Amino acid sequence: MQSNREESLLHSCFGSLTSAFMGCCYSICHKETDPQENVVNERTHLLEVPEQQQETPSPTACASTPPRKSDEQTALNRILHETATNVIDVGALGPYSLEAGAYSERVRAYTARAASAALPPPAPPRLLADLPPAVRRQMLAAPPINSTDKELITNAVKKAASAISELRVEHHEDLVVPFRVP
Amino acid sequence: MEKIPDQLGYLILTEDGAVLESGGDLENDERVATIITDLISLSNSIDPVAYDPDEKFKKITITYDDHWFIICISNKKIYVVKRNIPTSSIDNVAVNV
């Protein structure tokens, strides 16, 4: 009797052990094949640690300068390539020549465009008007100004000149005043 | 250049002041040509607010006691004529009673 119970106990222990062992094997075997599994079970990581830090914690701690120099180098190369693609080197372009026909055609096209686009320059201010010949003949032959008009003009200008000469600044107050901050 | 009464001399200049024709007292007178050209450019720089923009001036005259100058612009040329003031007209001022 006792041996039967012991045997059954042993059997059950052995069975649970094998199932546990098989479960472990199964989980270990299947870890790499199901990386995309989104099922949350007792096997999922609580913290998602980036693989780089997991895989290479030690190399970056010991050797820091060589990777930084290579980063600089890659950055410089990138800048160099960007400049090479964006910048047009005029000096490096080969000799460029237009055919005579193409050249004259372009000259014609450009002058036509410039003429249509450009406004005429604004005329400079002129006091004297340009007279037609008939008016000019009339003007040149006209009699001189009246002597009374001449006296009037001369006196008026003399008075104006003397008035302007009497303009002056009268000093009343000081220009420079100190601030009195209490 | 047409005959002007009481004419003593004349000058015809370009707008820059180069002498095209000259005669009488002003024959080959570059000095007067330069003075007249400078006078015209000076007059061009007068502030336009001083006069009506629609009203254009027709001549400039420089009057002395016994002679006077008249300056016009026509066909982009400067016409200068030196004209005599008859002595009888000067006497008129004094004689006026």
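Lettering of chains follows the sequences in order, A, B, ..., and the numbering in each one begins at 1. These numbers were taken from a predicted model, which means no experiment stands behind them.
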Would you mind checking which part of B/Pro5 comes under 4.5 Å of any heavy atom in chain A, side chain (CB onward), backbone (N, CA, C, O), both or neither? side chain
The reported gap from OG1 in B/Thr63 to CD1 in A/Ile153 (rounded to nearest 0.5 angstrom) is 8.0 Å
May I ask you to check whether over 12 heavy atoms, not counting those of A/Glu173, lie within 6.0 Å of atom CD? no
Please check if B/Ile62 and B/Ile35 belong to a single hydrophobic cluster, counting links between Ile, Leu, Val, Met, Phe, Trp and Tyr side chain heavy atoms closer than 4.5 Å. no
Taking C-beta and beyond as the side chain, do A/Arg126 and B/Glu15 meet within less than 4.5 Å on heavy atoms? yes
Do B/Leu39 and B/Leu13 share a hydrophobic cluster (ILVMFWY, side-chain heavy atoms under 4.5 Å, transitive)? yes
Any chance you could measure A/Ile145, atom CD1, to B/Ile70, atom CD1, to the nearest 0.5 Å? 11.0 Å
Heavy atoms from other residues, nucleotides or ligands near CZ of B/Phe57 exceed 12 (cutoff 6.0 Å): yes
Do A/Leu140 and B/Leu26 share a hydrophobic cluster, counting only Ile, Leu, Val, Met, Phe, Trp and Tyr and linking them when any side-chain heavy atoms are less than 4.5 Å apart? no
Could you see if B/Phe69 belongs to whatever hydrophobic cluster contains B/Ile40? Use Ile, Leu, Val, Met, Phe, Trp, Tyr and a side-chain cutoff under 4.5 Å. yes
Under 4.5 Å from a heavy atom of chain B, the part of A/Pro124 involved: neither
Highest number of heavy-atom pairs under 4.5 Å with chain B among A/Pro143, A/Ala142, A/Pro132 belongs to A/Ala142
With a 4.5 Å heavy-atom cut-off, do B/Tyr51 and A/Leu127 have their side chains touching? yes
Against chain B, label A/Pro125 side chain, backbone, both or neither, depending on which of its atoms sit under 4.5 Å from a heavy atom there. both
Please rank B/Glu2, B/Lys3, B/Lys59, B/Gln7 by heavy-atom pairs under 4.5 Å with chain A and give me the top one. B/Glu2
For A/Ile88, look at atom CD1 and say whether over 12 heavy atoms of other residues, nucleotides or ligands are found less than 6.0 Å away. no
Over all heavy atoms of both residues, which pair between B/Lys58 and A/Leu128 is shortest? Give the atoms and the distance, please. C-CD2, 3.8 Å
Name, in order of residue number, those residues of residues 71-81 of chain B that have a heavy atom at a distance of less than 4.5 Å from a heavy atom in chain A; otherwise write 'none'. B/Ile71, B/Cys72, B/Ile73, B/Ser74, B/Asn75, B/Lys76, B/Tyr79, B/Val81
How about CD on A/Glu82, more than 12 heavy atoms from neighbouring residues, nucleotides or ligands closer than 6.0 Å, or not? yes
Verify same cluster id: B/Tyr10, B/Ile4 (apolar side-chain graph, 4.5 Å): yes
